There are 2 protein chains.
Amino acid sequence: MRPTVHDIAAEAGVSLATVDRVLNGRPGVRQKTVEKVEAAVERLGYVRDVSAANLARGRVYPLLFVVPEGPNSFMRGLEAEIRSAMQRSSAERTSITIETVPPFDPAAIVAVLDQVDPAAVTGVALVAADTPEVSAAVDRLIDKGIHVTTLVSDLPGSRRTHFCGIDNLAAGRTAAGLIGRFCAGRSGKVLVVAGSMALSDHMDRAAGFAAILNSEFPGLEIVGPVETNDDADRVREAVRTAMAANPDIIAIYNLGAGNRGLLEALPQADRGRLAVVVHEVTDVSRKGLAEGLFDAVINQDCGHEVRSAIRVLKARADGLVPLSAQERIRIDIFLKDNLP
Amino acid sequence: MRPTVHDIAAEAGVSLATVDRVLNGRPGVRQKTVEKVEAAVERLGYVRDVSAANLARGRVYPLLFVVPEGPNSFMRGLEAEIRSAMQRSSAERTSITIETVPPFDPAAIVAVLDQVDPAAVTGVALVAADTPEVSAAVDRLIDKGIHVTTLVSDLPGSRRTHFCGIDNLAAGRTAAGLIGRFCAGRSGKVLVVAGSMALSDHMDRAAGFAAILNSEFPGLEIVGPVETNDDADRVREAVRTAMAANPDIIAIYNLGAGNRGLLEALPQADRGRLAVVVHEVTDVSRKGLAEGLFDAVINQDCGHEVRSAIRVLKARADGLVPLSAQERIRIDIFLKDNLP
DNA sequence: CAAATTTTGAGGTACGTAAATCAGAAATGA
DNA sequence: TCATTTCTGATTTACGTACCTCAAAATTTG
């Protein structure tokens with residue numbers, strides 16, 4: 001049977017109240033007594049029963065999620081995952097609010113962040129492009145004692161508590177590894193399409209991609225990245241223009257959103273020559289895989305990201321440091337053959 | 001505030017005791033009253049506070065894991081994950097025992113399964129080759145009222161409660177998709193190395209691989225599968241022999257263990273012509289990726305599998321049906337660029 | 001040394017649920 | 001109708017922890 005606080009009290013030769021004071025860091029205990037209790041905890045291998053503790057504490061964690069609105073399927077999927085976490089929120093003692101803001105609009109995000117009430121919110125998770133205004137607003141939240149985690153795209157210049165997302169450099173490298181192997185010795189150009197280089201995730205992917213492609217696949221040359229603001233129509237036009245201008249394009253890497261446009265631009269006839277890698281499993285990218293127009297989809301599981309963000313913000317609110325190993329978000333690769 | 005049993009009692013106009021009887025399926029409640037309570041639960045959206053319930057119940061779930069002994073890195077990794085789950089076991093109210101048995105020895109597994117005491121064990125998870133004796137022993141456990149889940153490799157002929165593992169047909173298809181694309185239009189032979197076709201996971205992978213390779217990549221022809229009983233030395237010799245006999249082998253798929261042997265057999269000089277896909281991230285396969293000898297590693301996260309097995313067995317012990325969507329184990333693909 | 005302060009002990013209540021007892025009410029059968 | 005069975009209510013204890021109060025003991029300070 002696992003030890004309880006009563007066992008600790010008996011083992012240390014002190015009262016329950018003293019054990020409680022030590023375990024919860026309350027004042028009024030002599031250093032020598034603290035050590036006696038800690039030794040007893042060590043000897044018996046006591047670990048707090050979290051269920052019982054939460055039950056007794058009755059604490060709730062009010063969290064705020066800030067995500068871009070608009071048609072981007074990935075963001076809508078992310079929002080769905082947050083809503084699904086809200087459903088479970090009572091069981092997890094969290095109380096989650098979602099604020100949607102116009103995409104690519106730093107001022108809107110800053111406005112939301114600046115009116116967060118530290119008394120009503122213990123943690124904030126946000127998806128934002130990397131601009132100085134947003135980083136500054138995040139830092140102001142941190143100064144108010146609110147923990148902030150970036151989601152999907154990081155704000156490396158800010159003092160955010162944590163980043164919940166994939167290693168986008170590694171994602172770009174992976175895309176390069178796949179495209180390089182899919183082209184298997186052939187030479188030609190690779191079109192890179194991005195949403196916005198202000199998004200740090202897009203920038204990292206482009207950098208990782210370029211690093212591996214240039215070093216390991218010298219026969220392949222990058223065209224772009226072309227910026228499209230994640231707009232499907234602009235993706236379609238950008239791809240058409242680039243393909244017309246560069247008949248020797250043998251692969252395309254869309255590291256941003258707007259895959260619908262890519263699907264529309266890919267002439268069915270040209271397939272077999274073209275290796276295509278995109279990001280995020282959505283209805284459109286599933287369709288692309290199924291029809292053989294996309295060869296691989298690199299995915300981040302936004303459900304994992306949302307749950308990780310919640311765990312991290314809760315842990316921080318309790319003054320704990322989250323286990324970084326457990327909070328790593330993996331990069332998924334899907335072919336049409338292993339699509340879930 | 002989320003509703004409690006007290007709220008349900010008030011809402012339904014019955015006593016706490018009756019609510020408790022209904023919620024826990026105890027007898028002695030008229031059908032009409034049951035419906036009143038269930039309606040109240042529905043109206044208020046009551047969900048049982050699992051922490052409080054477990055605390056009150058004080059129930060523990062004694063589980064038994066049966067895994068093969070021997071040097072197989074994947075199995076040792078699996079065992080490590082089980083041991084790590086044992087560490088957390090008190091927090092999860094489980095009490096886990098591990099039994100190791102000689103690999104490829106059905107009689108040993110049967111012996112272990114047949115001496116399981118239904119009073120002392122509520123659930124069993126096992127890794128076993130698909131033989132009639134083992135399936136029969138599993139069915140005997142089921143008859144005794146013990147829930148059984150297969151791990152990694154399924155026993156489709158048995159009445160096991162659940163299978164915790166990846167879709168191995170899809171894994172084989174994925175390997176074919178990767179190898180086909182890596183070979184990008186070249187023609188030649190693909191060597192398939194397996195551990196034992198008695199293992200249903202190996203059989204499924206081989207079948208999925210053949211299906212896709214034959215239908216989508218007509219220029220590629222399968223050699224094998226060669227059986228090696230997952231022994232690295234036998235893998236090395238099998239690969240050497242096959243490569244000598246078939247100079248036109250342009251790809252290798254090892255769907256079983258023993259990657260060390262494959263690594264030893266791959267002459268560094270021949271690289272660039274050879275696409276190699278193997279299974280399971282281990283020290284050896286990491287090395288193969290890092291050195292560029294392996295192109296891709298298909299992985300199943302055995303930590304996920306162990307945790308899923310525990311959740312499923314606990315749920316079953318409580319008479320619940322686990323959510324199949326949540327218990328799906330994903331197929332991971334690793335290149336050297338996205339290795340964790 | 002006495003007074004002030006700090007430290008400790010003892011005990012209680014609460015969280016939401018499980019599980020039990022026992023008395024009383026309602027339904028059922030003859 | 002009464003006896004019997006079935007159902008229901010009221011109440012209590014327990015799980016392990018948090019947090020509170022009040023008094024007693026130990027220590028420090030003047």
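As the structure is a computational prediction, the values presented were derived from the model and not from experiment. Residue numbering restarts at 1 for every chain, and letters A, B, ... go by the order of the sequence lines.
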Take atom [atom1] of [X] and atom [atom2] of [N], then tell me their distance rounded to the nearest Å.
X: B/L55; N: C/dA19; atom1: CG; atom2: C1'; result: 13 Å
X: B/D7; N: C/dC15; atom1: CG; atom2: P; result: 12 Å
X: A/Q31; N: C/dT6; atom1: CD; atom2: C1'; result: 15 Å

> Between A/R76 and A/E79, does at least one N-O distance fall below 4.0 Å, as a salt bridge requires?
Replying inline: yes

> Any Lys/Arg nitrogen of A/D301 or A/R330 sitting under 4.0 Å from an Asp/Glu carboxylate oxygen of the other?
Replying inline: no

> Counting only heavy atoms not in B/D114, do more than 12 fall under 6.0 Å of its CG?
Replying inline: yes

> Under 4.0 Å between a side-chain N or O of B/R30 and OP1 or OP2 of D/dT6?
Replying inline: no

> Looking at A/T18, does any N or O in its side chain come under 4.0 Å of the phosphate oxygens OP1/OP2 on C/dG9?
Replying inline: yes

> How would you label the contact of A/G28 with the nucleic acid (heavy atoms, under 4.0 Å): base, sugar-phosphate, or nothing?
Replying inline: base

> 5'-most contact on DNA chain D: B/V19 or B/G58, nearest heavy atom basis?
Replying inline: B/V19

> Are side-chain heavy atoms of B/V281 and B/D332 found at a separation under 4.5 Å?
Replying inline: no

> Can you tell me if B/T149 and B/T161 form a side-chain donor-acceptor pair at under 3.5 Å?
Replying inline: no

Considering only nitrogen or oxygen atoms on both sides, find all protein atoms under 3.5 Å from nucleotides 17-23 of chain D and state each distance.
unit_1: D/dT17; atom_1: OP1; unit_2: A/Y46; atom_2: OH; d: 2.7
unit_1: D/dT17; atom_1: OP1; unit_2: A/D49; atom_2: N; d: 3.3
unit_1: D/dT17; atom_1: OP2; unit_2: A/V5; atom_2: N; d: 2.8
unit_1: D/dA18; atom_1: OP1; unit_2: A/N24; atom_2: OD1; d: 3.4
unit_1: D/dA18; atom_1: OP1; unit_2: A/R48; atom_2: NH1; d: 2.0
unit_1: D/dA18; atom_1: OP2; unit_2: A/N24; atom_2: ND2; d: 3.3
unit_1: D/dC19; atom_1: OP2; unit_2: A/R26; atom_2: NH1; d: 2.9

> Among A/V116, A/I146, A/L113, A/V110, which one satisfies side chain to side chain contact (heavy atoms under 4.5 Å, CB included) with A/R140?
Replying inline: A/V110

